[in-house]
Structures are given as C-alpha cells and as structure tokens.
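Worth saying up front: this structure is predicted, and the values here are computed from it rather than measured.
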Amino acid sequence: MGKIEFGELLEAHRHELLVHCYRLLGSLTDAEDVLQETLLAAWRGFEGLQQRQAARAWLYRIATNRCLNAMRDRGRRIPLAPEPPFRPPPPSRHGDVPWLQPFPDTLLDEAPDVDPGPEARYIAREAIELAFVAALQRLPPRQAAALVICDVLGYPLGEAAPMLGATPTAVKGLLQRARSSLDRQRRDARAEPPTPGSAEERRLTQRFAEAFSTDDVDALLALLTDDAWLAMPPAPHEYRGAAAIAAFLRASAEWRAGRRFELRPTRANGQPAFTCRLADASAQPTSVIVLALSGDRIHRITRFLDDRLQHHFVPSAAGLRSSGSV
C-alpha cells in the first residue's frame, strides 16, 4: 500500500474515526487530539497492513487504544469549573461528566453512511445523542469501548477481541457489564421526540429560544417536562424540575440586569441546538445550548459554558428561515 492509497484510506475513514473517538471521550477537543495521534500511528504502521479489507478494523483498533490511553489520563484533562459571576441557588446535584462537549451535526454529515454490522443494538441517532455519550463516560473505559465496538459499530465478538487486545470471552464479559450499567442509567422514560427538522420540532425550539432570550421564565417552564434537567458543563451545577430551574434562571437574569441573550439555531448530536451570545455591543459568545426533546416538551437543557466551542457551529439555514435571530 503506497502513499496515495494511504491518503485514500485516510479520507475514507477520518470522519467516522472522529465520531468514534468522541463517543468514547465525550469531548470534541480531546477527540480531535486523539484522532491526530491515531492518524500518525496509522501512518507509521500502514506498510504492515496486508489486506485492504481489514483496514477499517485496523484503524478502529488504533483509535480505540489511543482513546483508552487518554481515558486513563483523564485526571489531567478535566476542565476547571468556571466561577459563577453570581450566587447560584443550591443545585439538585453535581454533575459527574464536566468534560462533556457537544458534537456539531455538520461533522456528522461528513462521516460516511456506513451500515453497522448485524450485532449493532443502537441506531445512529441514539448512538450520538448527548445522553448516550454522557452515559458512556460513566462506564469503565474498556466496558465503554466494548459496547461501542459491538453494540454501536456492530462488530461480532471475534472481530472486537483483537481491537481490545482480549479474548472473545473477556469481551463478552465486558459487554454484559456495560449493557447492564447502561440500562440502569437510561431508566428515564421519554416520549418519542419530534422528527428532526420537522415543523413540530421548529415550533417547540423557536418557543424555547423566544422565552430564553427574553428571560420569560414562566413561558420557558411551560415547555418543560415535569422532570426536566438543566445542566451547564463544565460547571457542576445541575437543576431538576420547574422550581429549581426557575430559581437558577431568575438569578441569572437578575445578575445580567437587562442584558439579553441572542440565540441562533444550529444542531448538535443529532439534536436541536443554539449558539448563544450576549445581545449587546460586545456580542460576546457565551455558550452552546443543546435540547433533548420528549414528545412536545423539553426534557433536558444542556448549556455548555465554553465560548471557544462556537467556532465549530454554523447557524442552521432552515432554523434561520423559520425563526431568525431571536
């Protein structure tokens, strides 16, 4: 396999490897770094690759092991929690995945549409949603890797084992424990969300944007499920239910003293999202907001408090036509 062939191999798999690294690491920043390590290792070792048909599994093996190394070193990569500029109300709980970041749908669109193997248990939409990616972060690293390789990518145990440097029996054990743990985390019953990009989804998300940007807390609460959550990684504070979420939103609005937010629609993790800026002369970027929908309500608001994330996101043309800058 010569250099031109390696370039073709790289082009064919780069974007799906980025998605794979993101699922395991939960952070787009870390995934981009690990992808570069993966490509460098592949370049150094591709001459030993005997069969082009085995290239995809070979690349996934390299990427998975680089991810496992990064996950072992996670203590060095956990971001510092931002200092709140006002005194927030007591949270319902403290989040345990502060490194979680959103994944732009524009990058998902660049990944090839590869049918998963027959062992796959999750459809593509489920396997990139924020709740699923966050749940993976709570698993031991090798369990998370086994679940992604087998249940998301659909590799059978015999092919997954070499990727993890284990026997099929050992991978089966990792997989069983991962499935059990993931099932416990995903107990919350949610209604089927509206079809992505549908008029129903646009109406709901536009109402959210209008309420959020005008600090109309009562209107926003009317859009939420009874057990809705507000999370703000890397800040640990999480709020559950109308009373707790309202207390935080009102404290934030009081601190801003009339300064409003401007939301522009985009998409992340296959879900409706917004970039958020202060609507004043500074137009300072503040966050990226991702919504998890349940029926005709919002089940979870995740507001990522990292202004560096916005350069990954572009406004949604369909969203701008329907709602504009709110």
Check your understanding: If you take all heavy atoms of N269 and I128, which pair is closest and at what distance?
Key -> ND2-O, 2.8 Å
Review point. What closest approach, in Å, do P79 and P234 show between heavy atoms, and which atom pair accounts for it?
Key: CG-CB, 3.8 Å
Check your understanding: R125 and P193: which non-hydrogen atoms are nearest, and at how many Å?
Key -> NH1-CG, 4.4 Å
Practice item. Quick one: do W58 and H13 satisfy side chain to side chain contact (heavy atoms under 4.5 Å, CB included)? Show the steps, please. Key: CA-CA 11 Å; W58 175 70; H13 298 293; over 6 Å; no
Practice item. Report yes if some heavy atom in the side chain of P272 is under 4.5 Å from a heavy atom in the side chain of L293; otherwise report no. Key: yes
Practice item. Calculate, to the nearest 0.5 Å, the distance between atoms CZ and CZ belonging to F274 and F261 respectively. Key: 14.0 Å
Revision key, fill the gap. One should read off an interatomic distance between Q143 CD and L182 CG, to the nearest 0.5 angstrom, of 10.5 Å
Exercise for review: Mark yes when over 12 heavy atoms from residues, nucleotides or ligands other than L80 sit less than 6.0 Å from its CG; otherwise mark no.
Suggested key: no
**Study point:** I149 and Y60, any side-chain heavy atoms less than 4.5 Å apart
**Key:** no
Review point. Do you reckon I78 sits in the same ILVMFWY cluster as M71, going by side-chain contacts under 4.5 Å, direct or chained?
Key: yes
Review point. Is the side chain of E110 donor-acceptor paired with the backbone N or O of H15 at a distance under 3.5 Å, no angle test?
Key: no
Review point. Is the side chain of S213 donor-acceptor paired with the backbone N or O of A209 at a distance under 3.5 Å, no angle test?
Key: yes
Review point. Under 4.0 Å between a Lys/Arg side-chain N and an Asp/Glu carboxylate O for R260 and E262?
Key: no
**Study point:** Student check: side-chain heavy atoms of T275 and L263 closer than 4.5 Å
**Key:** no
Review point. Who are the side-chain hydrogen bond (donor to acceptor under 3.5 Å, both in side chains) partners of Q101, not counting sequence neighbours?
Key: S27, T29
Practice item. Find the distance between CD (E129) and CD1 (I123) and round it off to the nearest 0.5 Å. Key: 8.0 Å
Practice item. Can you see which heavy atom on V290 is nearest to which on P102, and at what distance? Key: CG2-CB, 4.0 Å
Check your understanding: Got a donor-acceptor contact below 3.5 angstrom from the Q271 side chain to the L291 backbone?
Key -> yes
Review point. When rounded to the nearest 0.5 angstrom, what is the spacing between CG in L39 and CG in L59?
Key: 8.0 Å
Check your understanding: Do any pairs count as a side chain to side chain donor-acceptor pair (under 3.5 Å) and have a residue in residues 79-94, sequence neighbours left out, and if so which ones?
Key -> R93-E238
Practice item. Could you tell me whether E254 and R250 make a salt bridge, using a distance below 4.0 angstrom between a side-chain N and a carboxylate O? Key: no
Review point. Would a 4.5 Å heavy-atom cut-off, applied to side chains only, mark F212 and L249 as touching?
Key: yes
Review point. Would you say L174 and L68 are hydrophobically clustered, going by side-chain heavy atoms of ILVMFWY under 4.5 Å?
Key: no
Practice item. Could you check F208 against I301 for side chain to side chain contact (heavy atoms under 4.5 Å, CB included), going step by step and ending with a plain yes or no? Key: CA-CA 10 Å; F208 167 82; I301 304 166; 3.8 Å; yes
Point to revise | Flag, side chain of R202 to backbone of G197, donor-acceptor distance under 3.5 Å | key: yes
Point to revise | Single-linkage hydrophobic cluster W43~I62, side-chain heavy atoms < 4.5 angstrom | key: yes
**Study point:** Crowding at CG, D226 (>12 non-hydrogen neighbours, <6.0 Å)
**Key:** no
Point to revise | Closest contact, heavy atoms only, A191 versus S294 | key: N-OG, 2.9 Å
Review point. Quick one: are D307 and T286 in side-chain contact, heavy atoms under 4.5 Å?
Key: no
Exercise for review: List the steps, then state whether side chain to side chain contact (heavy atoms under 4.5 Å, CB included) holds for T225 with I298.
Suggested key: CA-CA 6 Å; T225 61; I298 298 169; over 6 Å; no
**Study point:** Heavy-atom donor-acceptor pair, Q310 side chain to C276 backbone, under 3.5 Å
**Key:** yes
Review point. Can you tell if the side chain of R14 reaches within under 4.5 Å of the side chain of L18, non-hydrogen atoms only?
Key: no
Check your understanding: Does the side chain of W255 reach to within under 4.5 Å of the side chain of P84, using non-hydrogen atoms?
Key -> no
Point to revise | Donor-acceptor pair, side chain of Q137 and main chain of L100, under 3.5 angstrom | key: no
Point to revise | Criterion side chain to side chain contact (heavy atoms under 4.5 Å, CB included) on Y22 and L108, from CA distance to verdict | key: CA-CA 11 Å; Y22 170 74; L108 287 175; over 6 Å; no
Study note, to complete from the structure: Here the pair of heavy atoms bringing A244 nearest to Y239 is O-CD2, 3.7 Å
Practice item. Working to the nearest 0.5 Å, report the span between CZ of R297 and CG of L204. Key: 8.0 Å
Review point. Should we say atom CZ of R303 is surrounded by more than 12 heavy atoms from elsewhere, each under 6.0 Å from it?
Key: yes
Check your understanding: Does the ring center of H237 lie less than 6.0 Å from the ring center of F248?
Key -> no
Exercise for review: Could you tell me whether D33 and R66 have a side-chain N and a carboxylate O separated by less than 4.0 Å?
Suggested key: no
Check your understanding: With no hydrogens and no angle check, do the side chains of Q206 and E210 hold a donor and an acceptor under 3.5 Å apart?
Key -> yes
Point to revise | Sub-4.5 Å side-chain heavy-atom contact between R23 and F103 | key: no
**Study point:** From L157 atom CG to L175 atom CG, the distance as rounded to the nearest 0.5 Å
**Key:** 6.5 Å
Between side-chain atoms of residues 159-173 and protein atoms elsewhere (two or more places apart, or another chain), which donor-acceptor pairs fall under 3.5 Å?
| from | atom 1 | to | atom 2 | distance (Å) |
| --- | --- | --- | --- | --- |
| T167 | OG1 | A170 | N | 3.1 |

